Amino acid sequence: MTLNFFDQFMSPTHLGIPLIALALSLPWVLFPTPSARWLNNRLLTLQGWFINRFTQQLLLPLNVGGHKWALLFTSLMVFLITLNLLGLLPYTFTPTTQLSLNMGFAVPLWLATVIIGMRNQPTAALGHLLPEGTPVPLIPVLIIIETISLFIRPLALGVRLTANLTAGHLLIQLIATAAFVLAPMMPTVAILTTTVLFLLTLLEVAVAMIQAYVFVLLLSLYLQENV
Amino acid sequence: MLSRLVLVSASALKSSGALGAGLVQASRSLHSSPQSLAPMPALPEKGGKVRHGIIPEELFQLLYPKTGVTGPYMLGTGLLLYLLSKEVYVVNHETFAAASIGIVIVYGIKKFGPDVAALADKLNEEKVAKAQEVKDVAMASLAQAIAEEKKEQWRAEGRQALFDAKRNNVANLLETNHRERVHLVTNEVKKRLDYQIALQHLARNHGKQSIAKCITDLKMLAKARQAKATA
């Protein structure tokens, strides 16, 4: 069985049991449930503080109609960021590298924003297809372009997250393999490669957090347009 | 963390229908804590002690009687060497990746750990301080209310003396007024009586004077007449 770098992205099953369910429920196990106490331990205090700050920041540009989405956005953010960060540990499977999962998040949520916009304020929602101040001859072309741009959004959301994480994981694997193979042969080059690996790991930590945030931020922007 | 999941799901299982009743009775022998929720049982001040970040202190205490201080370390080293030598764990490219992310995690925790803990403690402190401030303000305002009430009571007592003084003042004024009027009346009456006396004096003196004058006048007249008659 040849070494296949894409094996890490196969949905894991064991004795026919899909383990992705376990992988998807792991983030929720790691966060403590809020207790009935007035003063909590540090973990619970920090969790509460983080969720409050994040929700406040995210909902700042949204009007009151958009505030219904607060729980969805915050829980989505926590879920994605935990999945991404847990995937950086060795021998782990990252569910967000699966395009199916990310499209499963992106398409329904984007479609929900579009339908809300069409239902509540159809004129304004359609008006977004034409930016202000366009010269008259460009109008037909621009409407087509904007419609394409509208329909490409869910694709972009899903593929952005998938591609970033898959690429990151793949790079880590490749450079780690390079360092591993070079270690007995050319130790100096191996040390260089290990340095690159270390920097890449730092980058991947940042990317993991940023990609989750960007996903949720873009969804909130789409909602802002339509609500 | 996973033990907490077990506990939560175990309690959910206990309260579910089928196994619930039997499990509750059977597991009572395993209960160790007092099991009452009011007053809320106090949380421990600090979390469980760990060595090197992940290994609980209890393991070291467990092995201490038999193997002393170096026991767990020997166990760890032996385990690691066994896993490596028997190729139960194979060193591959993931090991490098694991080392990399391990360094990042350990560095992150060592550098930012105390600050994050301080932030969590500060959040809790602020909560307590806010409540304490409310309590202090309430107590201060109540104490001030008590002091002001006492002052009002003292003032109320003093008001009696004030009334007495005022009453005395009024009585004095009335007395003075009365005496003035009596004085006035006396003077007037005296004036009138003096007038009458003077009148009487005058009348008496005048009468006497007038008779004497009459006599002299008559004498003069008589003299004048005699002179006139003789002439």
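Sequence lines set the chain letters: A, B, ... in the order given, protein chains first and strands last, and positions in each chain run from 1. As the structure is a prediction and not an experimental result, all values here were calculated from the model.
When heavy atoms are compared at a cutoff of 4.5 Å, B:A99 does not approach chain A at all. For A:V205, the part sitting under 4.5 Å from any heavy atom of chain B is the side chain, from C-beta outward, and nothing else. Neither the backbone nor the side chain of A:A178 comes within contact range of chain B; no heavy atom of the residue lies under 4.5 Å from a heavy atom of that chain. Heavy atoms closer than 4.5 Å to chain B are found in both the backbone and the side chain of A:W38. With a 4.5 Å cut-off on non-hydrogen atoms, A:Q8 does not touch chain B at all.
Proximity of A:E204 to A:I172: side-chain heavy atoms (C-beta onward) are separated by under 4.5 Å at one or more points. Under the 4.5 Å side-chain criterion, counting only non-hydrogen atoms from C-beta, A:L223 is in contact with A:F73. Between A:L83 and A:L24 the shortest side-chain heavy-atom distance falls below 4.5 Å.
Ion pairing between a basic and an acidic side chain is recognised when a charged N comes within 4.0 Å of a carboxylate O; B:R167 and B:D164 show such pairing. The existence of a salt bridge linking B:E126 and B:K130 is excluded, since no basic side-chain nitrogen approaches an acidic carboxylate oxygen closer than 4.0 Å. Under a 4.0 Å N-O distance rule, the pair B:E133/B:K127 does not qualify as a salt bridge.
Annotation: maximal heavy-atom pairing with chain B below 4.5 Å, among A:F180, A:W49, A:F198, occurs at A:F180. Comparing A:A183, A:A176, A:A36 by heavy-atom pairs within less than 4.5 Å of chain B, the highest count is held by A:A176. Ranked by non-hydrogen atom pairs under 4.5 Å with chain B, the options A:I175, A:T194, A:L88 are led by A:L88. Considering only heavy-atom pairs separated by less than 4.5 Å from chain A, the leading option among B:V91, B:N92, B:V116 is B:N92.
The ring of B:Y73 has its center closer than 6.0 angstrom to the ring center of B:F60.
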